[in-house]
Every structure is written in C-alpha cells, then in structure tokens.
Amino acid sequence: MTELMLKYFRDKQQKVQSEQIYDTQCPYCSMQCKMQLIEQRVVSRKKQKTIGKDNPTSQGRLCVKGMNAHQHALHHDRLKQPMRKINGEFEPITWDEAYQMIQEQFEQIQKEDGKDALSVYGSASVTNEEAYLLGKFARVALETKHIDYNGRLCMASAATGANMTFGLDRGFTNTLQEIPNTRCIILAGTNIADCQPTIMPYFEKAKENGAYIIAMDPRETGTTKLADLHIKNIPGTDVAIANGVLKILIDLDLIDHDFIEQRTEDFKEVKEYIQTIKLDDVAKTAGVSLDDLYQIALVFGREPSGMIFTARGVEQQINGTETVRSFLNLLLATGKIGKPNSGYGAITGQGNGQGAREHGQKADQLPGYRLIENPEDRQYIADVWGIEEQNLPRKGVSAYEMFEKIIDGDITSMFVMCSNPIVSNPNANLIKKALQKLKFLVVSDLFLSETAKLADLVLPATSYLEDEGTLTNVEGRVMLREASYPIQGEAKQDWEILCDIAQKLGKGKYFDFDNAEGIFEELRIASKGGKADYSGITYERLRQEQGILWPCPSEDHAGTDRMFEDSFAHANGKAKMAVISYQSIDNKPTITKEYPLYLTTGRVMSHYLTGEQTRKSPSLAARDFEAFLEIHPQTAEKYGIETDSLVRVTSEKGWIIVRCKLSTSIRKDTVFVPFHWTEKQNVNRLVSDQLDPYCRMPGFKMSVVRLSPVH
Ligand SMILES: Nc1nc2c(c(=O)[nH]1)N[C@H]1C(S)=C(S)[C@@H](COP(=O)(O)OP(=O)(O)OC[C@H]3O[C@@H](n4cnc5c(=O)[nH]c(N)nc54)[C@H](O)[C@@H]3O)O[C@H]1N2
Ligand SMILES: Nc1nc2c(c(=O)[nH]1)N[C@H]1C(S)=C(S)[C@@H](COP(=O)(O)OP(=O)(O)OC[C@H]3O[C@@H](n4cnc5c(=O)[nH]c(N)nc54)[C@H](O)[C@@H]3O)O[C@H]1N2
Ligand code: SF4
Ligand SMILES: [Mo]
C-alpha cells in the first residue's frame, strides 16, 4: 500500500470512529417517521444531520421538519437547569430546591384552597408512558380531579364523534397500506401535503391507480392540488355538504341496504330528517354548486370502495363532533367501513395524538380508554394503582375550562407539561390573565416558552433525542422510540420529574419506576380489557415487529390492522347513525357589518404548533419568519390593503397585527392566519371561547373579523 492510500484509510477510519449514530423518531407529527441523527466530530466541533430510516409507516421518508428537528433539540437556548422566578427574574436553582418549592407550595395550596385547586395540563407530544403517568400523578399524587391536555384542542371532536358512532375511537380504522387500493377518497378539512407530508405517496399511489379524490377546504393547498375535485366551501359548513350528499345518495338509491340493516341503527330517523332538507339551501349555505354535490355523491356512491378522512378543518368547530358524525353517516349509509380498502381516518395531529388520548390525561378518562365515572372502570384502575376506589377523584373539566376556573378562583395552581397554552388556546388574552393570576405555576419545557415565562418555577425536560418511550402513530401503531443521546445539562425525563415530585409528596410507593419500560409494563395491565388494550405489547415485540396496531390483548395476538370487520364496539355491535342538522347551530359566528369576514386558522409546512420548537431551527425559521394573513386580492382592495403591508385584524375578543399575503387561492369572504407565532401575532387572541357541547373543542376554524390597514 502506498503512503497516500494508508493516509486515506487512516482518515476514513478516524472519521468513522468519530461518527455517532443515534436511532430516533421525529418529535413532530403523527407520522412518527423513524430517523437517525448522525453526529460527526470534526476537530473540536460537532456536526449533525438527520436522515430517514425504513419502517412500515413512513418507509424511510422525512419531511423538512424531521430533517431539521435536531436544530432545536441541540439549540443553545435549551433549558439546562431548574429556574425559580424572584422579583420577576429567573434564577437557576438545584433540583432539590425545585422539589422543595413544589412540595411547600402544593401543600400550602391544598390546605388553603382544597385539593382540586391544583391542576395539571398535559400533552400529546409526550410518550404513552408519560401520558399515562401524568394521569396517575394528578389523581394519585396530587389527588385532584383537574387534569386535561392539549389534545382537547386537537382530537376531541374526532374522538367523541367516533366513540358515539362506532363505540370506539382509533384514528384510522385501516392501515395506510390499504389507501392505494381504494377507489374514492374524501379529504375533509385536512392538509396532509403540509401537515403529514410523508403520508402523501400513499394518496399519490391511489390516484395513479385511478382513485377519485375529493378535497374540501376554503383554500387551495398542496392537498387540494392532488384532488380531482376541490370543494371550496365557506368555513364551518361541512355538515351541510355531508347532509346534501347523503340526500342525493338516498334519492338515487346509492346506499347499501344490507349493511344499513345488519350493521347500523337509527337510519330511519336520519332518512326522515334528510328528506326534509333542500339541496338548493344546502348549496347556498356552503357556498358551493349543486353539480359539485352530485359529483361527490355519484362517485362515492357508485365506487365499490371508499375512504373518508377528516382533520382539524372540519373538527375544530363548535359543532365539530356533529360534523364528524355527519361524515360517518356517509360511510355507514354506503357500507364503506369494516372491509378492505374502505374506512375512516381522523388524521392524528401530534406525534402521540393517538396514544395520549387513551391512557388517562383527559378529564373524564382512565387508562385503556376507560371512563372515570364508570364504577367498574374506577374499581379496576384503583386496584391496579393500589388505592381505594373512593379516593380516586371524579371527572374534571376540559382544557380551556380549567383557565376559566382559574379566573373564577377555583383553581389556584397549575403544573404544565409539554404545552404552551397561552399560544394554543382560544381567547389567548384570557389565558394570559389566568396564568398570571395563579398562586403557583410550574412548567416543564425544553425552552422558556411564552407560557414558561409566566411560571414561578420552570423545569428543564429532555427532548425526543434523549427520552425513550412508546408513541402511537396515525395508524394506531404503537412504536418504540429509542433514545440514547446524552442528556443535556441537568434536564430530566418528564416521567422522572413526575416520580421525583410524587416521592417528595409522600406518594413515592405509587411511582417507583426506574425506566420507561417499567411504566409501560404497568400501562399494559392498566389497559388490559379496556377499549385501547395494549396488554399484548412488549418493548421486545416492538423492536422485533416494528410497531403493533392496537387493540392487542395478548402476547400471541398480532395486533389489529382493520377495525370493525365483524361488529362495531357498542354493546349491540351496531354503529349508530345520527340526525345532524346544519340549520340550527347555537352561537355559530356569522358575518356582520362590523365583522364582515370569516377567519380560519391553521398551519404551514415549516412550523409546528406554537412554533416554540421550529422557530429555534434556522433552516425552518428561514422559510417563514413571521405570521401572515392570506387574503384574496379583491378583498384586499376592498379594504384598502396593499400586498405585504401590515394589517390589524380585530374580532370581538381582541386584535393582532400581521403582514398580508395576497392570493387568489382563498375564498373572497375568508382570510387565513397560521398560529405558529406569539404576542401581537398570536391569532388565538381573536378566537372566541365557545366550545363544542359534546367534547368541549374550541372553534379554531371559524371566527368573524374586520381588517384595517396599519399606517
Ligand atoms: N407543518 C405542520 N404539520 C403539522 C402540524 C403543524 O403545526 N405544522 N401540527 C400537527 C397537528 S397537532 C395537527 S392537529 C395536524 C393538523 O392537520 P390539519 O388539520 O390538516 O391542518 P390545519 O392547517 O389546521 O387545517 C387543515 C385545513 O383545514 C382548512 N379549513 C379551515 N376551515 C375549514 C372548514 O371550515 N372546512 C374545511 N373543509 N376545511 C377548513 C384549512 O384551510 C386547512 O388547509 O397537523 C400536524 N402536522
Ligand atoms: N388558532 C389555532 N389554535 C390551535 C390550533 C389551530 O389549528 N388553530 N390547533 C390546536 C392543536 S391541533 C394543538 S395539538 C394545540 C397544540 O398546542 P401546544 O401543546 O401548546 O403546542 P406545542 O407548540 O406543541 O407546545 C409544546 C411545548 O412543549 C415543549 N416541549 C417539546 N417537547 C417536550 C418534551 O418532551 N417535554 C416537555 N416537557 N416539553 C416539551 C415545546 O418547547 C413547547 O413549548 O394547539 C391548538 N391551537
Ligand atoms: S413532521 Fe411528520 S412527516 Fe415530517 S418528518 Fe416529522 S413525523 Fe415525518
Ligand atoms: Mo393537534
């Protein structure tokens, strides 16, 4: 070998030796793409990049957010020590001091204001183990009924709609592998192209195979571009469309009589109501054409298979539950569920949007999708936890309602884990007031978020790179996220923080865990026999089988790829259709002279939720560095608004100032603002406090506003 060759091999070997590979999973959306962080040490500097890793769901693909996720996780702004606020300034303290402070404050508040004065606000971005433990922490360590989580703002209406209709809620009733073979797809209020980009090839393949795709959205998006038919309806009118389509299906006898007879109930009442509605009125209400309604009905009714997907566009409405149910009526009437290539998907949002809604973070819920007001469920979980059933608190209130309770003085302290409610809740001005009013606010986060800034105590949590655990993806597939990256500073895993606090409060024996797997072993038992049964799943199986779809009731059970093949989950095995009126929706916002435009809100590809993480990532922030208002050029002209100028947007609840982006892709009566920015750009200052009566979901997708130029 020549000296030159030797040098080449020496260099190569050195490079390999200084290259570390960490297996992980994207911290963002519900696709939970598997990926690897590759870290190279070049002289004394570290260089990182993230690449995709093969798996059954994302098949090695990554979107721009996943590729750049390490930029926020390794950002120098990461919290590295607990911090206490003294005279308005944060100062670092030790964990022991932090725990001491929590103990003193919590005990004092319990004494002064009662146990239910403590509250817990959780998240669907944490692992199943942490979501499970947080529910137990609230009920067993703090003994409060007040716990809810950010998923209330996300999946609540889809979950309630599916539970009411099918008796069970798993986001997608099938596997993604079936999508390419379906013949007709309705995408209602979902922008998968920007929000779950790595899912797109399944739909593109379906289209290649000849499927007819219908998208409903007041705006043109990457997703509507894929569609054969784009229904550009007025925000909040999707029930009218679903009802109109059902009327045509019934009138033209494009329904599946056998399926309706054998597998559903209440069709008769639905038919009676539907026969009273007028298609002209439906079309006018929704701002769409009769031809479009016929086209949807003819294709969906005639094709042998079909799927309906909904997401937040139709779900984040004050009639979100009913909207979901009106679409499920279409599936049931045409018998397009419980068989190959047909089914329903409520496209999950957050990384663990599915799992975190099953194991007890919700105000009315216990692990395994059990109910806190059901005597048998209470007894079962009390036994698993080793407490008396009568000591298990009762049902609390939803996420936004906890803030109302703070204003009322019923709640005086809050523990927030992995959420930024001041940016993500409706009526953000009230949220700020509420958080400021608390006697003691503790926030565990990666960064000093806008919410954390208001805290009395901030706890540094670990990121996805450092925190092992399971998450349940968009398919209902439980996946194990490996995490071996060295923990930064003194940050701790969220589950470890909960165990430590419980210990300090004298409840250590209920929280005696050394690792995430130990918590998962208890979760398996707690979910056994419940609707979301994880009892057959083990870490070892997850490693070998690359994820398992629940329910999985025993270790020799393969998991459940397709739901409802033989029966639905209600006691009589039937699905319940529902009479859903589009005409009388209480308190529905309507445009007036004072507020002449509809406002809808949502996302852009490069940012995630409240932006706390993606705004830290230079590659992502560079793509969209400020909020904007998408507005039709003719509407802009009407209100004297020039392109790229600043505009004040005002609703009954507040105002914001954002820059205008003129675009013909949006309806003329509607404007759109993404919600990834804070303070004066926080669009949730405009969103009202009305909630869906069934699931307490806010109406993020429809407000009414007026615009004025800022000079
Ligand atoms: N890039 C990115 N991806 C994400 C997220 C993110 O923040 N950024 N968040 C994740 C999470 S938690 C979630 S929940 C999902 C959300 O995923 P989506 O629900 O797909 O996202 P949104 O942008 O909120 O809303 C989808 C579409 O609904 C439309 N829409 C608004 N009002 C209406 C209406 O009344 N009717 C109809 N038919 N459509 C309407 C909007 O114009 C928008 O294009 O995305 C996940 N993925
Ligand atoms: N107007 C409007 N508002 C909306 C929506 C909308 O469409 N329009 N969508 C709603 C939806 S669907 C959702 S899901 C909510 C989301 O709302 P939020 O939950 O408030 O959003 P995030 O930005 O995910 O907040 C997560 C916080 O936790 C931190 N964090 C990240 N990982 C970890 C971790 O592992 N541990 C800890 N302790 N902290 C961590 C992040 O830095 C961040 O500050 O917003 C809702 N709000
Ligand atoms: S944001 Fe979603 S689609 Fe993009 S890499 Fe992460 S998990 Fe995958
Ligand atoms: Mo979400």
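Atoms within a ligand are numbered from 1 in the order they appear, just like the ligands themselves.
- Those atoms of ligand 2 with a heavy atom of L446 less than 4.0 angstrom away are 30 (N), 31 (C), 32 (N), 33 (C), 39 (N), 40 (C).
- Ranked by closest heavy atom to atom 11 (C) of ligand 2, the top entry among R603, Q350, R152 is R603.
- Looking only at protein heavy atoms, the nearest one to atom 39 (N) of ligand 2 is C418 CA, 3.3 Å.
- Atom 32 (N) of ligand 1 has its closest protein heavy atom at T600 OG1, 3.0 Å.
- In terms of protein heavy atoms, atom 14 (S) of ligand 1 is closest to R312 NH1, 3.0 Å.
- Residue-level proximity to ligand 3 for R61 is absent, since no heavy atom of it falls below 4.0 angstrom.
- Not a single N/O/S atom of C63, whether from backbone or side chain, sits less than 2.8 Å from atom 2 (Fe) of ligand 3.
- Among P218, A188, P197, the residue whose heavy atom sits closest to atom 40 (C) of ligand 1 is P218.
- From the protein, the heavy atom lying nearest to atom 8 (Fe) of ligand 3 is C33 SG, 2.3 Å.
- Close approach of ligand 3 to G66 (heavy-atom distance below 4.0 Å) involves ligand atoms 5 (S).
- Scanning the protein heavy atoms around atom 34 (C) of ligand 1, the nearest turns out to be G313 O, 3.2 Å.
- Here is the list of ligand 1 atoms found below 4.0 Å of a heavy atom in G236: 34 (C), 35 (O).
- Distances from atom 36 (N) of ligand 2 to the heavy atoms of L609, T610, D494 show the closest one on D494.
- Ring pair F447/H75 is perpendicular by interplanar angle, where above 60° counts as perpendicular and below 30° as parallel.
- Comparing C195, C29, A124 against atom 18 (P) of ligand 1, the shortest heavy-atom distance belongs to C195.
- Around atom 44 (O) of ligand 1, the closest heavy atom drawn from D194, D217, T223 belongs to D217.
- A heavy-atom separation below 4.0 Å is found between V604 and ligand 1.
- Summarising the contacts of atom 38 (N) of ligand 1 with T221, I192, D238, the nearest heavy atom is found in D238.
- You'll find the ring centres of Y121 and F403 inside the 6.0 Å limit.
- Within the 3.5 Å criterion, the main-chain N or O of K53 finds a donor-acceptor partner in the side chain of N55.
- Heavy atoms of M155 come nearer than 4.0 angstrom to ligand 2 in no pair at all.
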